[in-house]
Structures are given as C-alpha cells and as structure tokens.
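In what follows, a single structure is set out as structure tokens and then discussed.
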Amino acid sequence: MVRTRFAPSPTGFLHIGGARTALFSWAYAQRHQGQFVLRVEDTDVERSTPEAVQAILDGMAWLGLNHDEGPHYQMQRMDIYKQHIQKMLEDGSAYYCYSSKESLDALRASQMEQGIKPRYDGHWRPEAGKVLPEVPQGVPPVVRFKNPQTGTVSWDDLVKGRIEIANAELDDVIIARADGTPTYNFCVVIDDWEMGITQVIRGDDHVNNTPRQINMLHALGAEVPQYAHLSMILGSDGAKLSKRHGAVGVMQYHEDGYLPEAVLNYLARLGWSHGDAELFNIDQFCEWFDLDHITPSAAQFSTEKLNWYNAHYIKEKSPESLVGDLTERLTKLGVNLENTPVTSDIIALYQERVSTLNELAEAIAFFFQMPAIEPALLEKHLNEAAVPVMKSLYAQLEQHEAWDKDSLNALVSAFMKDNGLKIPKVFMPMRAMLIGIMQSPDLYAVMALLGKAEVLARMNLALIKKH
RNA sequence: GUCCCCAUCGUCUAGAGGCCUAGGACACCUGGUUUUCAUCCAGGCAACAGGGGUUCGACUCCCCUUGGGGACACCA
C-alpha cells in the first residue's frame, strides 16, 4: 500500500512551494490508490503557531488536497520519540554529549575559517578503548546519533537518480535537545517509519538530511522508504522565494481572484509534464502523474502563465457558479448590491475578458453603481457635435418600451441610419456616458442589462453636466 | 570554504544515440474576426552554456570548465 505524506512545519502560511509538494505527494497517493497522511511538524515550539496550522489546513482545503489520515502532531508524540531515544542510548547507537552550545559555536567558526566543513568533533562520542572526558556537573546533555564514520550512504532518488554521500561527510546529529525534546531529523525518521510511509516526497532542501536519516533508519532496524526530492520554485526573477521576496500563502491567490483549478493546473505543470499536455483537470492529473517526468532542476514562477490558466478556467465556469463569489468580491470593493443583485447574465458578458475574479468584479462594478467618469474623457467624446445627437437619441430611447438587446440594436441602428451617423459617433459618447470606459462588450447588451431607467439617468446626468 | 544537486527558446517544458532542418505552452510580434477592447483563429520571432572525449552518428553517454541552487543549527 502506497502511503505518502505532507509534513509542513506550522511557522507560516502554506506557500506555493509547499503547496506543490503537497500536490505531488497527494497525487502520487491518488494515482496508486494509496493513502495521503498529513503530519504537522511542530517541534519548534518557539516558532509554531496554531494560526499557521489553520492556514495550512485552509490552504490545502481550498486546493482540495484532502488527507486520508491525520493531521498528526509531533508534539503529541513525544513519548514515542523518547522511548526510541532511550532504546538507542541503551544499544549504543546514540550517546550523551555535554559540549556547550558556546563551545560548539566556537568550533564551527574556527572550522569555517579553516575552510573545512563545520561538523561536530566527536568529543563525547564513545569509541572502543577511548576514555571519555569526565562528565561535568549540572550540564544537561544533548543526545547525539552515532553516525557511521566510514563507507557511503546512497539511495536512488525518484527524481534525481542515484545520490551518494560519504559517511565521513556526516557528523553526529543531535536527536534530542538538552531539555529532552527530540529534534526534527529524529522525529521525521521515527514518524516516516511508524506511519508506514512508502515514498517520501519532499523539497530539495532535504537532500542533505537524507543520508543521516537513512543511517538512523538502519540503526533502528527499520525499512528505508523511497525518496523523491522536488526542486524548488524560484521567483519570477530567478531568485529564491522568501517571505520578504514574493512568497505568499496560497490563500492569497484566492484573495487575488484565482481559481483553485487554475493554481492546481499551473503547479502541476511547474516541473512536471505529460508530453505536450498543458490543460488538464485534477482527475486527469492524478491519472497521469508519475515521478519519472519531474524535472530535477529548479523552476521559475510565472504569473503570466498562471494568469493564462486562470483566464481559461474562468471562461470554463458557468456564470451561475460565479455569482456567489462575485457578490462577495463586489461587497468587499464597497459596492452596494442591495438594489441590484449580481446576475449570471452580467458575469457572462465579462467572464471571457478577464484573467482574475478580482478583475471581473472591478469590470462589472459599473452595473451596480455609477462609475467615476473622467471629465476629460467625457469632454473628448461628448463633444459639441455629439451633444445634440445624444439628446436626440435620448428622446428616442425614452419612448422605447421594449428594453432588450435586439430591439435596442434595431432602434439605434435605425437612428444612425436616419441621421447618417457612423457607428463610433454614437457608441463612443454612449460608452463615455454610461460606463466611463471606452472599451466594452456589445454595447446593446450592456444597455439591456443596465436597464432603461439607469441608462436614461446616466445619459441625463452627463448631458446636464454639459449644459 | 566543504559537500550535494542542477543546466534545451525570455519563462514552463518535450526530448531516454539516428524520428531534431530541436516539438508544445506562456509572453511578445504580425494578420484575420469584432461597433471598441478582450476573446477566438491563423502565422511569426526565439534555445540544446563552453571545451574535450566515446560512437559510423550526440540535445541525448563520460570528463573538465563555467554558471546557478541547496545543505552544513540544541530550525524545520
């Protein structure tokens, strides 16, 4: 049974890289009829917050990445870790180290200065025939894993291929702090083992932790899972994404008017491919997904392409299904919808013209409230020549009973013909008066949806201002 | 500094020795459709980092160089 997991640490929101890791992990489980486990790695008490846990849960729920098991919280599994540490202490695969943090820092600094890789010097590491220093009084020790010193650790990474690292490169990692709490590298090992994880799909930044983890698994007599290390996502400028540089939570995409299906499709194509396929839904993705077609190199995030996906999925939506969302967004924009509700007809008129739902909300706002019209714009299009024409058209519209697109078309067309007017002479001033923007969908449809009273009122307002 | 990883159009990528005069997508440009804009349609621009090998043949395999990234915490 395939079991994958997503193991975020709740120190911030679920960012785009984390979301992709979760997506791939989740999809792998789906593809193989396996299970997807969610595990919250909250052992860093200083930085973990319940808000962050919630943000991660929200983000995953929004994307529809549902877990089959969990969330497990590492802080609630302390007893398990401590038992294992005790056992390792007893069988000699771990030992107490009394070196102070200060002396360790000093050691690291001097090693860096000498140009060698900083690592623990094995001061307290027990060895056959070695006499350990005298245990200092009142110093609570940390526990270190006794890593093998010779040979190499290797594994066949599912995305990067074979990776080998010499044990000589590894030092004895701390698995329990002085206060007795276990550290990340140890918890991961125990959890992946005890939770029966078969494929560990995680970020690139863990490649260097993998050999230590494999060594610990061996010491524990546990089976080693398969590993797949995903390369990271870079900002659109090629630089690393960080809090102060472009990294935002996935929920921010919701805020900004992106559809989860667009984010999902985009993320799926970032570093993974299925021939020339660009547009596919989540079910299709789960059917196709495999680890063989993941690019081992880092990928740059592109808002342009995300926008393209989003525009596509917005077009695909039924207008009805967008009514609720747009109502919320318009309300947030401060648009009063009490008198005129958002309708699917209005949405339909604009949904293929935007790339985000926020743009859609902004675009249709003029249906519900009088837009602010640039005086200069009105001046330009409702000029000396246009005023009498519009007054005359106003009179005709006032008499017009039917107020649908086709009859308006018939009326205005006849009006233009009778007066020998070219289309722009009528349309441009109308746009200026009604919406204050010179580009719009079919003007007759706009007029029909605006309603007779509103059209006349706006024309009137503009014409009065004129004189 | 040490170790690990990576390297095809501006960007995301296809490519598992001959199918490659290197394909698709985004962006960009041109044309068409359109009352305007957008959509849509048609077309175009644009890449195998460099140098050595291996081979009849290399984008594909090996080595080096260069460039980029990551890891080196009592963080995860």
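In what follows, every chain begins at residue 1, and chains take the letters A, B, ... in the order their sequences are listed. Values in this document were obtained by computation on a predicted structure and should not be read as measured data.
Pair assignment for B/C20: none, as no Watson-Crick or G-U wobble contacts are both less than 3.5 Å. B/U34: no Watson-Crick or G-U partner with both key distances under 3.5 Å is found in any strand. Checking B/C3 for Watson-Crick or G-U wobble geometry (two distances, each under 3.5 Å) identifies B/G70 as its partner.
Atom name C1', nucleotides B/U11 and B/G32: the rounded distance is 28 Å, in whole Å. Rounded to whole Å, the separation between the P atoms of B/U54 and B/C59 comes to 16 Å. As rounded to the nearest Å, B/A25 and B/A42 have P atoms that lie 10 Å from one another. Between B/A47 and B/G10, the distance separating the two P atoms is 7 Å to the nearest Å. A distance of about 45 Å separates the P atoms of B/C41 and B/G57, rounded to the whole Å. Across the P atoms, B/U8 and B/A49 are found 6 Å apart, a figure rounded to whole Å. Rounded to the nearest Å, the gap between the P atom of B/C3 and that of B/U65 is 12 Å. Spacing between B/C61 and B/G17 at atom C1', rounded to whole Å, works out to 8 Å.
Separation of the A/F289 and A/F24 ring centroids falls under the 6.0 Å cut-off. Taking the six-membered ring for Trp and the full ring otherwise, the centers of A/F6 and A/W26 sit at least 6.0 Å from each other.
In this structure, CD1 of A/I423 is placed 10 Å from C1' of B/U36, rounded to the nearest angstrom. One atom, CZ of A/R202, and another, P of B/C5, lie 16 Å apart when rounded to the nearest Å. When the P atom of B/C5 is taken as reference, atom CD of A/E169 falls 11 Å away, rounded to whole Å. B/A27 atom P lies 8 Å from atom CD of A/E304, rounded to whole Å. With rounding to whole Å, A/I314 atom CD1 is found 13 Å from B/C40 atom P. Note: CG (A/L270) to C1' (B/A25) measures 13 Å, nearest angstrom. Taking atom NE2 of residue A/H381 and atom P of nucleotide B/U36, one finds them 14 Å apart after rounding to whole Å. In this structure, A/W308 places its CH2 atom 14 Å from P of B/C28, rounding to the nearest Å.
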Contacts under 3.5 angstrom, residues 356-364 of chain A side chains, donor-acceptor by atom type, not counting sequence neighbours:
from	atom 1	to	atom 2	distance (Å)
A/T356	OG1	A/N358	N	3.4
A/T356	OG1	A/E359	N	3.0
A/N358	OD1	A/R329	NH1	2.8
A/N358	ND2	A/E255	O	3.0
A/N358	ND2	A/D256	O	3.4
A/E359	OE1	A/S355	N	3.1
A/E359	OE2	A/S355	OG	3.2

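Side chains of A/N310 and A/Y266: a donor-acceptor N/O pair is absent below 3.5 angstrom, by distance only. A/D157 and A/W155 form a side-chain donor-acceptor contact under 3.5 Å, judged by distance and modelled atom types alone. For the residue pair A/H274/A/E287, the side-chain donor-acceptor check at 3.5 Å is not satisfied.
Residues meeting the side-chain contact (heavy atoms from CB on, under 4.5 Å) test with A/N208, sequence neighbours left out: none.
Residue contacts shown for A/G271 are limited to sugar-phosphate atoms, with no base heavy atom under 4.0 Å away. Looking at heavy-atom distances under 4.0 Å, A/K315 makes contact with sugar-phosphate atoms alone, never a base. Residue A/P441 is classed as a base contact, given a heavy-atom separation below 4.0 Å to a base. Contacts of A/S273 with the nucleic acid, taken as non-hydrogen atoms under 4.0 Å apart, involve only primed sugar atoms and P, OP1 or OP2.
Taking the side chain of A/M428 as heavy atoms from C-beta on, and the options B/U36, B/C4, B/U11, the nearest nucleotide is B/U36. Residue A/Q439 places its side chain closer to B/U36 than to any other of B/A7, B/U36, B/A25.
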Legend entry - Under 4.0 Å protein heavy-atom contacts per nucleotide of nucleotides 65-76 of chain B, with B for base, S for backbone only and - for none: ----SBSBSBBB

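Taking every heavy atom of both residues into account, A/V135 and A/W124 meet most closely at CA-CH2, 4.0 Å.
The aromatic rings of A/Y350 and A/F366 sit perpendicular to each other, their planes meeting at more than 60°, with 30° as the lower class boundary.
Of the side-chain N and O atoms in A/S231, none sit less than 4.0 angstrom from OP1 or OP2 of B/C6. At B/C4, none of the side-chain N or O atoms of A/K160 fall inside 4.0 Å of OP1 or OP2 (strictly under the cut-off). Contact annotation: A/S302 does not reach the phosphate of B/C12 (side-chain N/O to OP1 or OP2, under 4.0 Å).
Between A/E352 and A/Y444, the one whose closest nucleotide on RNA chain B sits nearer the 5' end is A/Y444.
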